[in-house]
Amino acid sequence: MKSALPVLLGLLAWPLAQAEPLTLTDTWSEVNWNDVPVVSRTLFFPGKVSFEWLNSSRHPGFQDPFFEQRRCNACHKDEEYGLGNMLVKGSQDSYPGKMGALRLQLQIAHDNNFLHVRARWQGQANKPARLHSLLTLENGQWQPLQFNAPAEEAFSIMWDDGSIPLFSSQGCFLSCHLPQEGKPAKGQGPGLKNYLAAVGAGSDKFLPASHSGRGARAKPLKETELMQQQAQGQFADVWQWRSATSGVLGIVDDGWLLDSHYQDPGEPSVKLNFNPRTGEPIWMFNPEVQGRSALNKLDLLKQQGLLTLVEGHNTAPFDAAKLPKGALLPQYYVSRQQAHSSEMQRIEASWDKGIYTLAFKRPLDTGDNKTDKSLQAGKVYTFAIAIHDDNAEGRGHFVSFPISVSLNPKVEADIISRELNGAQNP
């Protein structure tokens, strides 16, 4: 497979004047990113590799006496391309034509109040991902489109402040578990290839300490025990930008992970566009605003313009009589009229000739220590990054090895956050 690295090294030289905004209103970061160092990282396709496999004798690195203290890239330095290309070969049935790795350019800065993040990467598709999950009328019933179903682009950061055991060494692999792991499998021998052949698709998201047992025997702890872990900060903070849903509103979703993945308290910005009582969608497009009442198969190919149902902006109550034959409607709609749970709003998001650019800021301290972690100048954190690209969901993403991020210029880390506007360290 031909590497895309030479193309990606020139990302920052590409002008943004012609970029297509991916938000409903144009919003641009107030940070002068030319003054912030760029750090490049390779994200790779992880296939079905799970926490259970990494922490078993079938993983050669597990034999190291210092295994739990060593980060993944201590053994796998600069091996992301090789690992991704090897793992993606066994997943071509599910993700045909998928690349094995993706190059990310990351910039991080902070002032006295906010952490600022900017990410740029080249997607595999030749168009921006403006659609996610559609409804179609088949045999008299509205149901999700199955063939060529679109999926949005997503950029996620899962991070910890040192409260989660093993997170600094294993990152987001700590959260990936296969429910089939631990079940008997005929002919299962040692090594990664035998393991991948034995387990099936699907995964569960949770932190190991939130469950008793592993694999098929894993069960969530009692609620009182989980509440105690949460109170002690033993959860991961999760930020996720989604190109065709909440991202259109200029929002990065704010969530957290313990025994499952939760959104922060508050009204969700993304809602199901389906009424179970009537068996019909809730909204269609307002022809007076959108120029039509529904999408069609051509939109799947072009993905141009606003294709998201935004309540109060381009929506009209569903009326089957006003829909053309073969109509497609988004399975979800987004709402600007609620108090959203995320503190990361008014983001910059754009697409230009295959390049996604995302910039957002997050308060260092949101005032909510139940579902948010605070960031403090002078400390070091661990980030784990994932990108869902080219119509992929679930395990079809690219992931990073753990990335250390320092908010102290005197403390070494993979990324040292640039101090802005006189930001002070203790």
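By the ring pair (Phe, Tyr, Trp, His ring centres under 6.0 Å) test, Phe398 is found to be paired with no residue, residues two or more places apart in sequence or in another chain being considered. Under the rule for a side chain to side chain contact (heavy atoms under 4.5 Å, CB included), the partners of Ala125 that lie at least two apart in sequence or sit in another chain are Asp390. For Leu221, the side chain to side chain contact (heavy atoms under 4.5 Å, CB included) criterion is met by Ser212, Glu225, Leu226, Gln229, not counting sequence neighbours. Asp253 is linked by a salt bridge (charged side-chain N to carboxylate O under 4.0 Å, His left out) to Arg242, counting only residues two or more places apart in sequence or in another chain. For His116, the side chain to side chain donor-acceptor pair (under 3.5 Å) criterion is met by Asp111, not counting sequence neighbours. Legend: residues meeting side chain to side chain contact (heavy atoms under 4.5 Å, CB included) with His59, ordered by chain and number and at least two apart, are Trp53, Leu54, Phe62, Phe67, His76. Among residues two or more places apart in sequence or in another chain, the side chain to side chain contact (heavy atoms under 4.5 Å, CB included) test is passed with Asn314 by Phe285, Val289, Gln290, Leu306, Val310. Evaluation of the salt bridge (charged side-chain N to carboxylate O under 4.0 Å, His left out) rule for Arg41 yields Asp414 as partners, not counting sequence neighbours. Among residues two or more places apart in sequence or in another chain, the salt bridge (charged side-chain N to carboxylate O under 4.0 Å, His left out) test is passed with Glu30 by Lys361.
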Please tabulate, one pair per line, all N/O donor-acceptor pairs under 3.5 Å involving side-chain atoms of residues 160-168, not counting sequence neighbours.
{"from": "Asp160", "atom 1": "OD1", "to": "Ser163", "atom 2": "N", "distance (Å)": "3.4"}
{"from": "Asp160", "atom 1": "OD1", "to": "Lys373", "atom 2": "NZ", "distance (Å)": "3.3"}
{"from": "Asp160", "atom 1": "OD2", "to": "Gly162", "atom 2": "N", "distance (Å)": "3.0"}
{"from": "Asp160", "atom 1": "OD2", "to": "Ser163", "atom 2": "N", "distance (Å)": "3.1"}
{"from": "Asp160", "atom 1": "OD2", "to": "Ile164", "atom 2": "N", "distance (Å)": "3.0"}
{"from": "Asp161", "atom 1": "OD1", "to": "Ser163", "atom 2": "N", "distance (Å)": "3.2"}
{"from": "Asp161", "atom 1": "OD1", "to": "Ser163", "atom 2": "OG", "distance (Å)": "2.7"}
{"from": "Asp161", "atom 1": "OD1", "to": "Lys373", "atom 2": "NZ", "distance (Å)": "3.0"}

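Sorted by first and then second residue, the salt bridge (Lys or Arg N to Asp or Glu O under 4.0 Å) pairs with a member in residues 282-292 read Arg292-Asp299; sequence neighbours excluded. For residues 122-144, the set of pairs meeting the salt bridge (Lys or Arg N to Asp or Glu O under 4.0 Å) definition, not counting sequence neighbours, comprises Glu20-Arg130.
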One pair to check against side-chain hydrogen bond (donor to acceptor under 3.5 Å, both in side chains): His110 and Ser417. What are the steps and the verdict?
CA-CA 6 Å; His110 69 282; Ser417 175; 2.7 Å; yes

side-chain contact (heavy atoms from CB on, under 4.5 Å) assessment of Asn113 paired with Leu364:
CA-CA 6 Å; Asn113 299 306; Leu364 298 180; 5.8 Å; no

Do Gln143 and Gln141 pass the side-chain hydrogen bond (donor to acceptor under 3.5 Å, both in side chains) test, and can you show the C-alpha distance, the side-chain angles, and the key distance before you say yes or no?
CA-CA 6 Å; Gln143 52 190 307; Gln141 293 185 335; 4.9 Å; no

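For an aromatic pair to be called close, the ring centres must be under 6.0 Å apart, and Phe318 with Trp142 satisfies this. Between Phe155 and Trp241, the gap from one ring centroid to the other reaches at least 6.0 Å. Residues Tyr262 and Phe235 keep their aromatic ring centres 6.0 Å or farther apart.
The aromatic rings of Tyr356 and Trp121 lie parallel to each other, with less than 30° between the two planes, well short of the 60° mark.
Within the model, atoms OG1 of Thr366 and CG of Asp264 stand 7.5 Å from one another, a figure rounded to the nearest 0.5 Å. Interatomic distance, Leu115 CG to Ser374 OG, rounded to the nearest 0.5 Å: 12.0 Å. Put simply, CD on Glu153 and CD1 on Ile387 are 7.0 Å apart, with the number rounded to the nearest 0.5 Å.
Taking a cutoff of 4.0 Å between a charged side-chain nitrogen and a carboxylate oxygen, Arg120 and Asp352 do not qualify as a salt bridge.
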